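The structure appears right after this line, and notes come after that.
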There are 4 protein chains.
Amino acid sequence: MSPADSTAAEQPVRGRPRSEAVERAIIEGVMKLLEEGVSLAEISIERIARTAGVGKAAIYRRWSGKEELFVDVLRTAEPDDLELPGTSMRDDLIVLLESLRRRGLVNRSSAILHNVQVQMKSSPKIWAAYHNTVIAPRRRLGIEVLRRGQRNGELRLDVDVDLVNDLFVGPMLVRAVLRPDADLPEYLPERIVDTLLAGLRPVSTPVP
Amino acid sequence: MSPADSTAAEQPVRGRPRSEAVERAIIEGVMKLLEEGVSLAEISIERIARTAGVGKAAIYRRWSGKEELFVDVLRTAEPDDLELPGTSMRDDLIVLLESLRRRGLVNRSSAILHNVQVQMKSSPKIWAAYHNTVIAPRRRLGIEVLRRGQRNGELRLDVDVDLVNDLFVGPMLVRAVLRPDADLPEYLPERIVDTLLAGLRPVSTPVP
Amino acid sequence: MSPADSTAAEQPVRGRPRSEAVERAIIEGVMKLLEEGVSLAEISIERIARTAGVGKAAIYRRWSGKEELFVDVLRTAEPDDLELPGTSMRDDLIVLLESLRRRGLVNRSSAILHNVQVQMKSSPKIWAAYHNTVIAPRRRLGIEVLRRGQRNGELRLDVDVDLVNDLFVGPMLVRAVLRPDADLPEYLPERIVDTLLAGLRPVSTPVP
Amino acid sequence: MSPADSTAAEQPVRGRPRSEAVERAIIEGVMKLLEEGVSLAEISIERIARTAGVGKAAIYRRWSGKEELFVDVLRTAEPDDLELPGTSMRDDLIVLLESLRRRGLVNRSSAILHNVQVQMKSSPKIWAAYHNTVIAPRRRLGIEVLRRGQRNGELRLDVDVDLVNDLFVGPMLVRAVLRPDADLPEYLPERIVDTLLAGLRPVSTPVP
DNA sequence: GCCTAACCGAGACGGTACGTCACGTCTTTTA
DNA sequence: TAAAAGACGTGACGTACCGTCTCGGTTAGGC
């Protein structure tokens, strides 16, 4: 989690060690600003330092810029893991979509973070970092669920699981990116999953 | 298309009229910068003016800021209309998705514009403008196609067309936002449409 | 008085003749601004045009810049002539100094104009024009009075009239430039003239 | 001499202290521009910063505007003190006038500074600052010399020393403000002092 | 108990861009 | 052709941040 995790050599620390309190104060300072409704563009390093009661150098000592810092802010805000029921593919998918709806990419109650993610898309380097640590694992989890479904006979074998994963995730992303106003009951994960599964079951039976 | 379209009164022009050439030079200057790979964050009003060979005031006279300008840049780059074959709902949907894939929200060849859209999400006012003039019309078109499909017997009557529209648009958005690397044949519009329609036809027949 | 006085050829006017009303409106606009306490530096050509209800071009058609315009403003504000009593050198000098005190270089009631003059010193070209048309004639008048005094036996013959003129003008200038606060009765022209004449009379008699 | 002289409390310095080198570079940058004949109006803060190799903020950190800066430029150029012979009032006055002629208000060799002073008159606040630190002390010195003269019997007791001081200073100011061309031997301080003293001695004796 | 090195908050540093304003010129319609 | 109006390129205004660099002072481990 620490920004200096990757350094392997672990040379003996000389001089005063970095204060973890400073680290926390900075990240929480960014959070506080975001929660106050301060636009991403309005958040400057100087303002972060001011809010956190910290010198600018303390920030630059840890992150090379605003974007790198934001990656860690997002990582801190991310849910660490996701408990899947495992009773059926359908149940797992519903939980996955529900988690998308509630937080992470499609966080509605704290829509603040969404903008951070969206902003990061402009910086390929940052986006890659965020993609690797947050988005890709989640995608892998979804695909794994679908593969298990295929083995269990819940999902046709002739479909591309990558594509099917996108079919499930897509509506949630549309809501988050294009239709932030829409929060209708029609968009309940259960309904989406069932609608899609209607055409994806191995033996395609008429809908009752 | 002009930034001052909305003013209805059409009062008699006094003084020297604004040069259309300047207008074009500014918008094309932004395009040029974007094509040169200049990051969105690196594009300043001063740089635009320098590139377009124009004074800063000429820009501020037309747009109140960078974001407003970008809206018009996007509008200029947008396809003006979309020719639907009208032979069937399936064909229309394929054309719609194909247009999404090729340009607009999911522009691959000039992926530059995507970042502009994504950036705009940070500014609610700008996003609303862009949403109203570009995204909403496209969505209305999709929903109209679906409604026609319901009347023609190509789409079940008990589904929510809003949701179904999102089901179709979703995968393309996932690719654009989360998986810019993915350009596999599996994501051909034809394939997506057929996969989804499998579970959405009134009389659900097995896929051939 | 008109700015185009110097043009001698008097070629037949072609097209619409220049409006004298515009000319007056511009000069009076500047006066109005000065009287309202607007600092010289705050008076821009654009503001003058706005105040006078006139286009900028109408100003540039007549004067090549702000300074040239100010010369004419000062010329308009200047007293046209000065009535000397002629009864004696002493009386003439008192009138001269009194006129200095009341207006022109040492204008107290409308001290505004003083700043215009002072500002003009920065522009050699303008200063020359102002010097030739306003200051030099006044100086010539003073020297003439002194020469007459020498012929009448009121002033010693062995003094340099240029220097003596400066002796008389000097105190008023000190007051105007260095001591704008000082307006004491001690500085009455009568007193200055008598104090100086005490040492300048041909037969030096004790002061009564 | 420093712009922050007045702060008495001497609170412990926090952060990086301001560089004296920057201070010097700015003032000398202005001097350099003035010596190159750049008009006062052409000297912008941006140009000063460019010339001094300094950021604009470094200037605004020290002075609130161009005028405040000019006050310090003048103060730096001013002679710090003036050595009076003290042998007699006449000798002291000659030295005073000579110093006026050579530098300060009536600096001929570097006439550049004169325009700065003259320009400052437009800004009352600035003028007051300059008056208090430069002009007033010099005036006090002159008046002190005159008072000593009265006690020594060199000056009549019934004259107003303020007025008499102006009589002495006046001619030098006339030359500086109105007659920059005049540098004749007649204007030697010795001559002016003697001419004026002729009528101001306690026992007024005929001039030989 | 020192020494040394890296940390800390603070803030100055040379830059760049902001959005506004005035410059002097140019281009329109109207008289 | 002059008139008012106002757009044009240019460039200065004063402010805010950028990322770097001193300051004096603090906080640890190694001597």
Side-chain angles (χ1 to χ4, degrees), chain A residues 12-19 21-22 25 41-50 52-62 64-66, chain B residues 12-19 21-23 25 41-50 52-62 64-66, chain C residues 13-19 21-22 41-50 52-62 64-66, chain D residues 12-19 21-23 25 41-50 52-62 64-66:
Chain A
V13 267
R14 303 246 300 163
R16 177 175 173 179
R18 292 191 187 160
S19 160
V22 168
E42 293 165 357
I43 297 188
S44 58
I45 293 275
E46 304 222 327
R47 188 160 181 182
I48 294 170
R50 227 149 40 214
V54 139
K56 280 200 292 176
I59 298 179
Y60 283 109
R61 220 173 275 127
R62 290 167 168 77
S64 69
K66 205 160 28 174
Chain B
V13 268
R14 305 241 298 166
R16 176 174 173 178
R18 292 192 186 159
S19 160
V22 168
E23 210 128 320
E42 292 165 357
I43 297 188
S44 58
I45 293 276
E46 304 222 325
R47 188 160 181 185
I48 295 171
R50 228 148 41 213
V54 139
K56 279 200 292 177
I59 298 179
Y60 283 110
R61 220 173 275 126
R62 291 169 168 76
S64 70
K66 210 165 15 181
Chain C
V13 268
R14 305 236 304 158
R16 178 172 170 179
R18 290 190 186 165
S19 159
V22 168
E42 292 166 358
I43 297 187
S44 57
I45 293 276
E46 305 224 327
R47 187 160 183 183
I48 294 170
R50 226 148 43 216
V54 139
K56 282 199 292 176
I59 298 179
Y60 283 110
R61 219 172 276 124
R62 291 169 169 77
S64 70
K66 205 159 31 174
Chain D
V13 268
R14 304 239 296 167
R16 177 173 172 177
R18 294 191 184 160
S19 161
V22 168
E23 209 129 319
E42 292 165 356
I43 297 187
S44 58
I45 293 275
E46 303 221 328
R47 187 160 182 184
I48 294 171
R50 230 151 35 218
V54 140
K56 279 201 292 177
I59 298 180
Y60 284 110
R61 220 173 274 127
R62 292 169 168 76
S64 70
K66 209 164 15 179

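Sequence lines set the chain letters: A, B, ... in the order given, protein chains first and strands last, and positions in each chain run from 1. The shown structure was predicted, so the numbers you read here are calculated from the model rather than taken from an experiment.
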The reported gap from CD1 in C:Ile59 to NZ in C:Lys66 (rounded to nearest 0.5 angstrom) is 11.0 Å
Could you go over nucleotides 22-25 of chain F and give all protein N or O partners under 3.5 Å, atom names and distances?
unit_1: F:dG25; atom_1: N2; unit_2: A:Arg16; atom_2: NH1; d: 3.4

_Test your reading of the model: is there a side-chain donor-acceptor pair from B:Arg18 to the backbone of B:Arg61, 3.5 Å cut-off?_
yes
When rounded to whole Å, the CD to P distance for the pair C:Glu42 and F:dC13 reads 16 Å
D:Glu46 CD to F:dT15 C1', in whole Å, measures 12 Å
In whole angstroms, the gap separating P of E:dG19 from OH of B:Tyr60 amounts to 3 Å
For B:Ala58 and B:Val54, the nearest pair of non-hydrogen atoms, with its separation, is CB-CG1, 3.8 Å
C:Ile59 CD1 to E:dA22 C1', in whole Å, measures 13 Å
Margin query: Does a side-chain N or O of D:Arg61 approach OP1 or OP2 of F:dG14 to a distance below 4.0 Å, or not?
Written below: no
In terms of heavy-atom contacts, D:Ala49 and D:Gly55 come closest through CB-C, 4.2 Å
C:Lys56 atom NZ is separated from E:dC26 atom P, nearest whole Å, by 12 Å
B:Arg18 atom CZ is separated from F:dG6 atom C1', nearest whole Å, by 9 Å
_Would you say that B:Lys56 contacts B:Ile48 through its side chain, given a criterion of any heavy-atom pair below 4.5 Å between the two side chains?_
no
inquiry  = I'd like to know if D:Arg62 and D:Glu23 make a salt bridge, using a cut-off of under 4.0 Å between side-chain N and carboxylate O.
reply    = yes
Rounded to whole Å, the CD1-C1' distance (A:Ile45 to E:dA17) equals 17 Å
- Message: F:dA12, OP1 or OP2 - any side-chain N/O from D:Arg50 closer than 4.0 Å?
- Response: yes
Does F:dA3 have its OP1 or OP2 closer than 4.0 Å to a side-chain nitrogen or oxygen of C:Arg62? yes
Judged by nearest nucleotide, the residue sitting upstream toward the 5' end of DNA chain E, D:Ala58 or A:Ala52, is A:Ala52
- With a 4.0 Å cut-off on heavy atoms, is C:Gly53 in touch with a base, just the backbone sugar-phosphate, or nothing at all? sugar-phosphate
When rounded to whole Å, the CZ to P distance for the pair B:Arg47 and E:dC18 reads 11 Å
Of the listed F:dC18, E:dG9, E:dG14, the closest approach to the A:Val54 side chain comes from E:dG9
B:Lys66 has its side chain closest, among F:dC13, E:dC8, E:dC18, to E:dC18
